[in-house]
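Below, chain A is the first sequence line, B the second, and so on; all start at residue 1. Keep in mind it's a predicted model, so treat the numbers as computed, not measured.
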2 protein chains.
Amino acid sequence: MATLHDTETFEGESFPSPLAINHAIAADLIAVLVAVTAGEPRVLTIQDRRALPSGPFELEHRSLQSGLRAWVERQTKHPLGYVEQLYTFADKDRAGTGQRVVSISYLGLTREQPLAPEQEARWLGWYTFFPWEDHRDGPPAMIEAALVPRLEAWAAGALDPGVRQARTQRAAITFGLDGRPWNEELVLQRYELLYEARLIPEALRGAAPEGEGFTVPGRAMILDHRRILATGIARLRAKIKYHPVVFELMPETFTLLQLQRCVEALAGRLVHKQNFRRLIEAQELVEETGETAQDTGGRPAKLFRFRREVLAERAIVGTKLPISRA
Amino acid sequence: MATLHDTETFEGESFPSPLAINHAIAADLIAVLVAVTAGEPRVLTIQDRRALPSGPFELEHRSLQSGLRAWVERQTKHPLGYVEQLYTFADKDRAGTGQRVVSISYLGLTREQPLAPEQEARWLGWYTFFPWEDHRDGPPAMIEAALVPRLEAWAAGALDPGVRQARTQRAAITFGLDGRPWNEELVLQRYELLYEARLIPEALRGAAPEGEGFTVPGRAMILDHRRILATGIARLRAKIKYHPVVFELMPETFTLLQLQRCVEALAGRLVHKQNFRRLIEAQELVEETGETAQDTGGRPAKLFRFRREVLAERAIVGTKLPISRA
DNA sequence: CATGCTTATACTCCTAGTGAGCATTTCTGG
DNA sequence: CCAGAAATGCTCACTAGGAGTATAAGCATG
């Protein structure tokens, strides 16, 4: 049928009926599957650790979400505790082939299970892909050593002084330079900045021959998979602050320090122990099991379990506007 | 080509290559276009106010986002100040035809412009579709009068006492019953609750013949467009709290009260005037133009303009975890 | 078995943000 | 001149959350 996006008029017919089929395209699902093991955030990868698992668009399921869940659980035997749609990518030439592919990406939280050795899938720490994102021991040295000089060169390379200033400012804000605070949620912005500055191997593909140009440490992935992973990390780092999803990554029972280490692993930065406990307990997110963990290396810690009831008891709040409660 | 989602094994080949085309499906874009006119939040509709504008999946553009922007601006002559992807819907039988359609929905902010009279598109206040969402004059009477009794009946209709209790609790939380606070962000949850309770005409289609069953006030839309609209409203209500997008809905210059009325219109609730001003000025989001508006009916108000620089100066923050700044 | 290391747990202090109300100023319309 | 409507300025009280101190309870080791 005729599509109308060339029509310059805007009359009755100009908006096609929502029932009309406009373009047949190809679609698939891409999953960012996250677990936290031994205090490290990890993602499931395939293809020699260079790709995120992607799968068919299943037609049988009630919803995309349930389709994704069933597919992952069948393929990996990892039950998914939490699933959330991330973003739909359909940029031109994503695949580099001229082929238009729509990829609907999802974030899934799980607990790492042993993978059969013949399987191609591997769990890998996500800081392998984003070494500049782990600030648990302070800002990684590679930021000052490798990123800053190249970002400065990139900024200086702009002809227009306004652009130069804007690039410098963007780098300073996203990477927390010049005494600015580090904002762990800007994962995607940082990746995109490095991409624009052509410091990411993925950005050089097609243009320069592989191997040319200075690139920055951090494992590359195929196509735009690293961007999708960055999107997932950013979403998760934001989410843990107002929704109790961390517990989907924890074992059934855990100590408060384990919980804290898990949050820190995801956020890539440390939190104040006493305040963390105060916050968790004030919200009544957990309850004691009555047991203690003896292998802490110090005073035994009480074991806790997530109070699943809170998911029903509460709705997510979080208000920044001066809203009257009257 | 063969899809692998029936395979129960998980070996090398089980994850198809991301380049593989798994299913050819139909895709379109759906836009929630919002403006605030005369203190009322409005959305652009077509098809006798029963549908959101939807359009073709454009292949020429660099990205989905730019494709949507170009399409809307060409069709409606409304420049879009802000565009954000909402959600991708592909649930089975969304269209009711068995046809699988993927709809990528977007939220766009603009300023209402006159529409040519022959155009099918119409701006309509969004509370026409969600009369229970406007709490600017206190909770609408229709909640107590029309919603609560039917939700109670629905809850009581469950055989299992646990389900009864859960339904009652959900209704109480989402609608702020039993002295609970009203949370304006739960737009989608409220709509889905009413949908599940079969109080929404859209939920009765196909099952019961049209006209049967008690439904609740509020204009219906085709397919799942009202759900998409609810998603957009919810997203916008959340967004205005931590990102300065309201200004995309305002004229070039405005008084602080106009700005406040705009926020209140979107949030569906009132804010404390003095605190609102304090917040806006503390964040240095606006600057005085030097002029005053005389037609306020009282003391003339200073006119302000949005300081666009803040978009570059700042990154969005907002932290709820006890994160150390050291 | 005393000592020191490690971790858990309990309090205290301080400050920025913010909800709420009062008071004063400056306009318009009778 | 007076009432009404906003705009604008200021105070107050409370809370969340950042940071530090102090104490308790285990283990390893000489």
Parallel, tilted or perpendicular: rings of A/Phe175 and A/Trp182 (30°, 60°): tilted
N or O in side chain of A/Lys273 less than 4.0 angstrom from C/dT9 OP1/OP2: no
A/Gln274, nearest nucleotide to its side chain (from D/dT8, D/dG17, C/dA10): C/dA10
Distance-only donor-acceptor test (3.5 Å): side chain A/Asn275, base D/dG17: no
Heavy-atom donor-acceptor pair, B/Arg299 side-chain to D/dA5 base, under 3.5 Å: no
Between P of D/dT8 and CD of B/Gln260, the distance in whole Å: 12 Å
Touch class at under 4.0 angstrom, heavy-atom based, for A/Leu257 against every strand present: sugar-phosphate
Side-chain-base donor-acceptor pair under 3.5 Å for B/Arg278 and C/dG19: yes
Minimum side-chain heavy-atom gap B/Arg278-B/Gln274 below 4.5 Å: no
Phosphate OP1/OP2 of D/dA7 contacted by B/Arg277 side-chain N/O (<4.0 Å): no
Base D/dG17 to side chain A/His272, donor-acceptor N/O within 3.5 Å cut-off: no
Aromatic plane relationship, B/Trp123 with B/His78 - under 30° parallel, 30 to 60° tilted, over 60° perpendicular: tilted
Residue pair A/Tyr82 / A/Glu248, side-chain donor-acceptor N/O under 3.5 Å: no
